[in-house]
Structures are given as C-alpha cells and as structure tokens.
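Keep in mind that the numbers below use all heavy atoms, side chains included, and drop hydrogens, waters and symmetry copies. Keep in mind that what you see is a predicted model, and the values were worked out from it rather than measured. A note on names: the letters A, B, ... follow the listed sequences, proteins ahead of strands, and every chain is numbered from 1.
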Protein chains: 2
Amino acid sequence: MQVQLSTEFALHGLLYLAANSGRRPIQLPEIAQAIRVRESYLRKLFQQLVRAGLVDAYRGAAGGYSLKRDPEEISLHDVLAAVEGTADLYRCYAEQRSCRVARPCPIRGAFAQAYDNFRKSLSRTTLASLLHGEALQSEDVEWLHAPV
Amino acid sequence: MQVQLSTEFALHGLLYLAANSGRRPIQLPEIAQAIRVRESYLRKLFQQLVRAGLVDAYRGAAGGYSLKRDPEEISLHDVLAAVEGTADLYRCYAEQRSCRVARPCPIRGAFAQAYDNFRKSLSRTTLASLLHGEALQSEDVEWLHAPV
DNA sequence: CTATTTTGGATATTTTGTGTCCACAATATA
DNA sequence: TATATTGTGGACACAAAATATCCAAAATAG
C-alpha cells in the first residue's frame, strides 16, 4: 500500500502552477524542468489532471496549463483521487465467490471507515496550505517560482 | 492504493483460527478448505504470519497452526502490517534526487499524519471484535466453525 | 522408524505502474 | 489564411510487484 510516484509528481507540478498562478498558461516543458521530471512522462500525467478537472489546458501557441480552481480548493485528496482513482481500499475479493462472512461485512466496514478517516485527513491539506503553511519557510518556496 | 488480496485471505484464515481456538493446532488443508483458498497459496501466506509473530506453527504429525496471541490482541492493522509491511505510504522519490521542497517536507508530513489516522483506526478493530462485534450476527459466524 | 506437517527456496504467471513516441487536433498571431 | 506552437489520445515497451505453484528438506508425534 503506497502512494504512486505519479501522485508525487502531479503534486509537484500542481504546486508549481499554484506558485505561478499570476502568469497565464504555463507550458509543460517549463513545469517538467522546474520539478525535474521527464517531459514525456509528465505530459501523460497532466492529461489525467485535466480530465479530473484539476487543471485547464490551452492548446496552440502560447497555450499551456493553469489551475482550474484556487489553490485553497485543491486538496491532497483531490490529487490522489485524480491520479489513482477512488476505488474501495478493500476489494472484498471473496464476496464474488460466495463469501460467508456477515452482511454487511464487518471487515469491509472497518476498512471503509479507516480509509474515510485517511481521506478526511488528506482533505484538510491543500495546495495553498502546503505553499504558505506553517511547516514551510518562505525561502523554501523559492524553487517553485519561475527561473528569471 | 488497495489492500492486497493476500491480506484479505490472511484475515479470513486468522478469523478461522480465532473461532476454533479451543481445539489445538489446525492444519493448513482444513483452513484452506474453510475459507476457500487454494492450499499452495495459503501455505506461503501462513509462513509470513508465523514470521510476523501472529501465529505459532507446529511441525510434524498432529502439527498445524494456532494464534500466538488472543484474538483481542490482534488488530486489523497487525494483519495488514504482517502481510504488506510497514513502509512509509509516501515514498518521497524526489528527495533522493535533491528535491527542493522544504525540510521537513510538508507533503510527507501530511501523508504521514493521514496514514497514522488510518492505522489508528484499523488498530481499534480486532479479530475478537470482528467475531462477536456489533455488526456480526451470531448466525453469521457459523461458517467459521469447523465442519462436523 | 515412519507418517505427517511445516519450511524455505526456486520459479512461473499475471497485473500494475512507469516511461516513451508520434500523428493529429486546436489555436494564437503574423 | 498560413504557420509555428502546444496539448491530445492511442499505442506500445519495459520494469516491478502481486499472485500462484511446486518440491526437497527439516521437524516431530506416535
């Protein structure tokens, strides 16, 4: 049970967009270079983020990406869900094969509740709080801003 | 991010042991049949559970497996940890490549806290509470008892 | 001793995640 | 309108992890 690397990169990319929301659309090569991920890979990732409704994409010359919502409105959970989906944590494989555990299944229930707590906790952290949160010194945000 | 099938099966196996803790060691073929998992697969799983200290194994004729601790003392989290390990949920891959996010990393911190909530929640459910918990009707436990 | 039962290692198969490429569609702007 | 630019979607290759099986060897009850 681990968060995918894709989620980490998506997060870095989104933070870069959040930190540079003044300027309008930012091209993929710039984002890729800033967060040190290969362009070809990040390209696919951003397609997912667009489909998930986290960023807007603009085609053509001077196109690029920008956040669709305010950084305050995009939580860690939103990003995780966008990249990795929202399937149940506990698959209950046995159920499809006439599992005889009680209905409603107490195992599934326990996992669902724990997962819910997890997601609630993640929902409390947003791109904005990561950028200017308590844990982040102002100097540390440097890297997120565009190169001169 | 999903709980592995192995964890589900381990859980079923352990519940069977818990429900039959009166009789002493129970052989693998019986467990496998009871929870409807192929013997060869469950065998490997139980080796993990032994190494993790959740069950005792007895070799030789009349050998088998039994719980090492009381069902009240084995939580969902114990089982999950035994099967899937206890690595950090968020790997922070970028850190190994000179990530410039702040230290301590706020992303890692947020995930760690959420994961902690998740595990705390799982720790509150034990084999015992699954067996005679509120959510489980007495009749539903039938299947966990040895065939006559 | 002997029959039984778990062990540990090797290995095969399937599924999932990671990573790349390119023809095509959309669009700003000259 | 022509052209250069930028994202899209699909296909594909590769790597890693999960799932699954087998068997010779070790341990032990009787």
Considering only heavy side-chain atoms of A/Lys44, the closest of D/dG10, C/dT5, C/dA25 is D/dG10
Looking only at side-chain N and O atoms, does A/Arg91 come under 4.0 Å of OP1 or OP2 in D/dT19? yes
Taking side-chain hydrogen bond (donor to acceptor under 3.5 Å, both in side chains) as the criterion, tell me which of B/Gln2, B/Gln4, B/Glu8 meets it with A/Arg91. B/Gln2
Please check: side-chain N/O of B/Asp78 versus main-chain N/O of B/Ser75, any donor-acceptor pairing under 3.5 Å? yes
Provide, to the nearest angstrom, the distance between the CD atom belonging to A/Gln2 and the C1' atom belonging to D/dA16. 12 Å
Any side-chain N or O of B/Arg43 below 4.0 angstrom from OP1/OP2 of C/dT6? yes
Less than 6.0 angstrom separating the ring centers of A/Tyr65 and A/Phe46, yes or no? yes
According to a strict under-4.0 Å criterion, is B/Gln27 in side-chain N/O contact with OP1 or OP2 of C/dT4? no
With respect to the phosphate group of D/dA18, does any side-chain polar atom (N or O) of B/Ser6 fall under 4.0 Å of OP1 or OP2? no
Nearest listed nucleotide, side chain of A/Arg38, among C/dT4, C/dT20, C/dA28: C/dT20
Look at the side-chain N and O atoms of A/Tyr41 and state whether any lies under 4.0 Å from the OP1 or OP2 oxygen of D/dC14. no
Could you check whether atom CD of B/Gln47 has more than 12 heavy atoms from other residues, nucleotides or ligands sitting under 6.0 Å from it? yes
Residue closer to the 5' end of DNA chain C, A/Glu84 versus B/Ala62 (nearest nucleotide): B/Ala62
Can you check the B/Glu39 CD to D/dC23 P distance for me, whole Å? 13 Å
Think A/Arg59 has a side-chain N or O under 4.0 angstrom from the OP1 or OP2 of D/dT8? no
At under 4.0 Å between heavy atoms, what does B/Phe46 touch on the DNA or RNA strands: base, sugar-phosphate, or nothing? nothing
C/dT27 C1' sits how many Å from A/Tyr65 OH, rounded? 14 Å
Could you give the distance from CD1 (B/Ile74) to OG1 (B/Thr125), rounded to the nearest 0.5 Å? 14.0 Å
Nearest-Å distance for atom pair CD/P, residues B/Glu30 and C/dT5: 11 Å
Among C/dT6, C/dA28, C/dT7, which nucleotide has an atom closest to any side-chain atom of B/Pro29? C/dT6
Of the listed C/dT6, C/dA28, C/dT7, the closest approach to the B/Leu28 side chain comes from C/dT6
Let me know, please, whether A/Val3 or B/Ile26 comes out on the 5' side of the other along DNA chain C by nearest nucleotide. B/Ile26
Tell me whether the side-chain N/O atoms of B/Gln47 come closer than 4.0 Å to OP1 or OP2 in C/dT6. no
Base, sugar-phosphate or nothing for B/Gly60? Non-hydrogen atoms, less than 4.0 Å. base
